Amino acid sequence: MIEPKQYGQQALQEYLMLDYVQRLETRKFGHRAVHIHLSRLKPFHRRDYHIRVATNTFESYVKLYVGRIFVLSNDDLLFIWKDKSIADVEPAVDTLRYLFRDDPLSQDESEETGFCTWYNLNTEFQEFLLLCQHLDERAKKLQQSSNMRPAQKPTNVLSPINAENLAQLEDTIHSADLSEHIRQQPVCVFARAGSKELHPVFDEFFVSISDLRNAIMPNIDLASNRWLFQHMTEVLDKRMLNYLCKRTFKTHASSFSINLNLETLTSKDFERFDEVVRKKWPGNVIIELNQVDLFSNLETYLRLRDEFHERGYRVLIDNLTVEALSFVDRKSLKADFIKVAWREEMTDNVIRKKYSEMDNLVKNSGRERVILCRCDSPTAIKFGQSLGITLFQGRYIDNMIARQRRAKRAAAAQKR
């Protein structure tokens, strides 16, 4: 058997997959698998971002069903689990079909050309093993033909977060003055077309993860492990809710938003926030949900969404890229707003064709419901306005608001 060190990174997942399946042969009973053929998607739906979201969708099933997921070098996913039926995993596959619903593959049910292939390892182990051997051989051949240069080890690499430093971090979060790391940033609309006067629509309250890391664990990459990072953010959620319950906080708008995990919405801390703050607040309270968290827990979102709308909350899907717009349907998800992150490359003439359909995507989402965030330059504002976007957030907006307020204070002082 070839040692894993002889594999390049490109073929490593296939090696690990084959090794795992070979070890299953004597204990295969009760195991099942699904091969999701993302490599058959159209290129537009097969970018790194799409594969990452698809993989995250299965991570909760990995924990629930003692499973293993492998992301193959051709972007296919292979998920193996134990003691649960195929019907138990079908909701995750249905979620992926929904994410890629604009691609013809999502509706293809055939075994030969379809979206996925299911295996019962009780009766189909040899067939499945042959598939894994084939995938492994193909990956090795691609690795050999690519002649990839060995990657240089980067300098000043942060250490990954682990259970030990997570416990230390959690203790620090519980005892630290979190207010030092809480940021407040407005989402604004221009007063009228061609105007430079801004009106805050709502203020977002959030914890600056980078500032928090620099202050208490500057050598640790807090986001290196998704599950540990999510646990940390759930701890931060509770501290944020506690902060809002105890402090008299001010906003420049009648509404405000907070970033929360879906899991936090079912906690006692959130119920206390609902009683102490939300029911007494004169404006809207907007819950910002990270789209990866949402699609990893879609059933929870669908269950909570209507209830929270009835209670008076608004819902915002955060952290979208232009690529994500192609499979995030705001209207069908019944979200009130979506946030798309500005990137300088959006105006690069060389790759502008990548974003040629963004106008239609924004239009379908509702131009007045799309927020262009991370706006760090006037170019971002001009680009957003060219698409009919009216809501903006970012450092450039912060600077404009600050200048606007200084001018108003100066004008008021002259009248005295």
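Remember, predicted model here, so these are calculated numbers, not experimental data.
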How about [X] and [Y]: do any of their side-chain heavy atoms sit closer than 4.5 Å?
| X | Y | value |
| --- | --- | --- |
| Arg272 | Leu241 | no |
| Val34 | Tyr119 | no |
| Val93 | Phe79 | no |
| Met240 | Ile182 | yes |
| Leu198 | Val189 | no |
| Leu105 | Phe100 | no |
| His134 | Leu130 | no |
| Leu262 | Leu289 | yes |

How many angstroms lie between [atom1] in [X] and [atom2] in [Y], if you round to the nearest 0.5 Å?
| X | Y | atom1 | atom2 | value |
| --- | --- | --- | --- | --- |
| Leu41 | Leu99 | CG | CG | 10.5 Å |
| Ile338 | Cys373 | CD1 | SG | 10.5 Å |
| His31 | Glu25 | NE2 | CD | 13.0 Å |
| Ile389 | Leu387 | CD1 | CG | 5.0 Å |
| His37 | Asp75 | NE2 | CG | 13.5 Å |
| Leu333 | Ile317 | CG | CD1 | 4.5 Å |

If I compare all heavy atoms of [X] with all of [Y], which pair ends up nearest, and what's the gap?
| X | Y | answer |
| --- | --- | --- |
| Arg97 | Cys116 | NH2-SG, 3.9 Å |
| Ala33 | Ile80 | CB-CG1, 4.0 Å |
| Pro186 | Asp398 | CD-OD1, 3.4 Å |
| Arg305 | Ser332 | NH1-O, 3.8 Å |
| Asp19 | Arg23 | OD2-NE, 2.9 Å |
| Cys188 | Pro200 | SG-CA, 3.8 Å |

- Item | The single option from Leu244, Thr264, Val277 passing side-chain contact (heavy atoms from CB on, under 4.5 Å) against Ile258 | Leu244
- Task: Please confirm whether Arg278 makes a cation-pi placement over Tyr313, using NZ or CZ under 6.0 Å from the six-membered ring centre and within 45° of the ring normal.
- Result: yes
- Query: Under the 6.0 Å and 45° cation-pi test, does Arg101 pair with Tyr98?
  - Reply: yes
Under 3.5 Å, is there a donor-acceptor pair between the side chain of [X] and the main chain of [Y]?
| X | Y | value |
| --- | --- | --- |
| Trp281 | Ser254 | yes |
| Glu137 | Gln133 | no |
| Asn290 | Val292 | yes |
| Glu170 | Val235 | no |
| Asn120 | Asn122 | yes |
| Arg369 | Asp336 | yes |
| Arg183 | Ser208 | no |
| Arg40 | Gly114 | yes |
| Glu204 | Ser257 | no |
| Asp88 | Ser85 | yes |

- Message: Just checking Phe270 against Phe273, ring centres under 6.0 Å apart?
- Response: yes
Are [X] and [Y] close enough for a salt bridge, meaning some N to O gap below 4.0 Å?
| X | Y | value |
| --- | --- | --- |
| Glu299 | Arg303 | no |
| Lys238 | Glu234 | no |
| Glu127 | Lys28 | no |
| Lys140 | Asp136 | yes |

- Query: Just wondering, are more than 12 heavy atoms of other shown residues or ligands nearer than 6.0 Å to CZ in Arg395?
  - Reply: no
- Query: Can you tell me if CZ on Arg374 sees more than 12 non-hydrogen neighbours from other groups inside 6.0 Å?
  - Reply: no
- Message: Testing the 3.5 Å rule here: is there a donor-acceptor pair between the side chains of Gln184 and His252?
- Response: no
- Message: Checking Asn297 against Asp293: is there a side-chain donor and acceptor pair closer than 3.5 Å?
- Response: yes
- Item | Check against side-chain contact (heavy atoms from CB on, under 4.5 Å), Phe128 and His35 | CA-CA 10 Å; Phe128 185 66; His35 182 191; 5.7 Å; no
- Task: Decide side-chain contact (heavy atoms from CB on, under 4.5 Å) for Asp237 and Glu263; before the verdict, give the C-alpha distance in whole Å, the side-chain angles of both, and the deciding distance to 0.1 Å.
- Result: CA-CA 10 Å; Asp237 283 354; Glu263 190 71 26; over 6 Å; no
- Message: Apply side-chain contact (heavy atoms from CB on, under 4.5 Å) to residues Leu121 and Val21 and explain how you reach the verdict.
- Response: CA-CA 10 Å; Leu121 302 195; Val21 172; 5.9 Å; no
- Query: In terms of the angle between their ring planes, are Phe190 and Phe392 parallel, tilted or perpendicular, with boundaries placed at 30° and 60°?
  - Reply: perpendicular
- Check the angle between the aromatic planes of Phe337 and Phe202 and answer parallel, tilted or perpendicular using the 30° and 60° thresholds. tilted
- Audit row: Asp359, Lys363, salt bridge (Lys or Arg N to Asp or Glu O under 4.0 Å) steps and yes/no: CA-CA 6 Å; Asp359 182 68; Lys363 179 182 177 182; over 6 Å; no
- Query: Can you check side-chain contact (heavy atoms from CB on, under 4.5 Å) on Leu72 and Glu14, steps first, answer last?
  - Reply: CA-CA 6 Å; Leu72 307 184; Glu14 277 83 353; 3.3 Å; yes
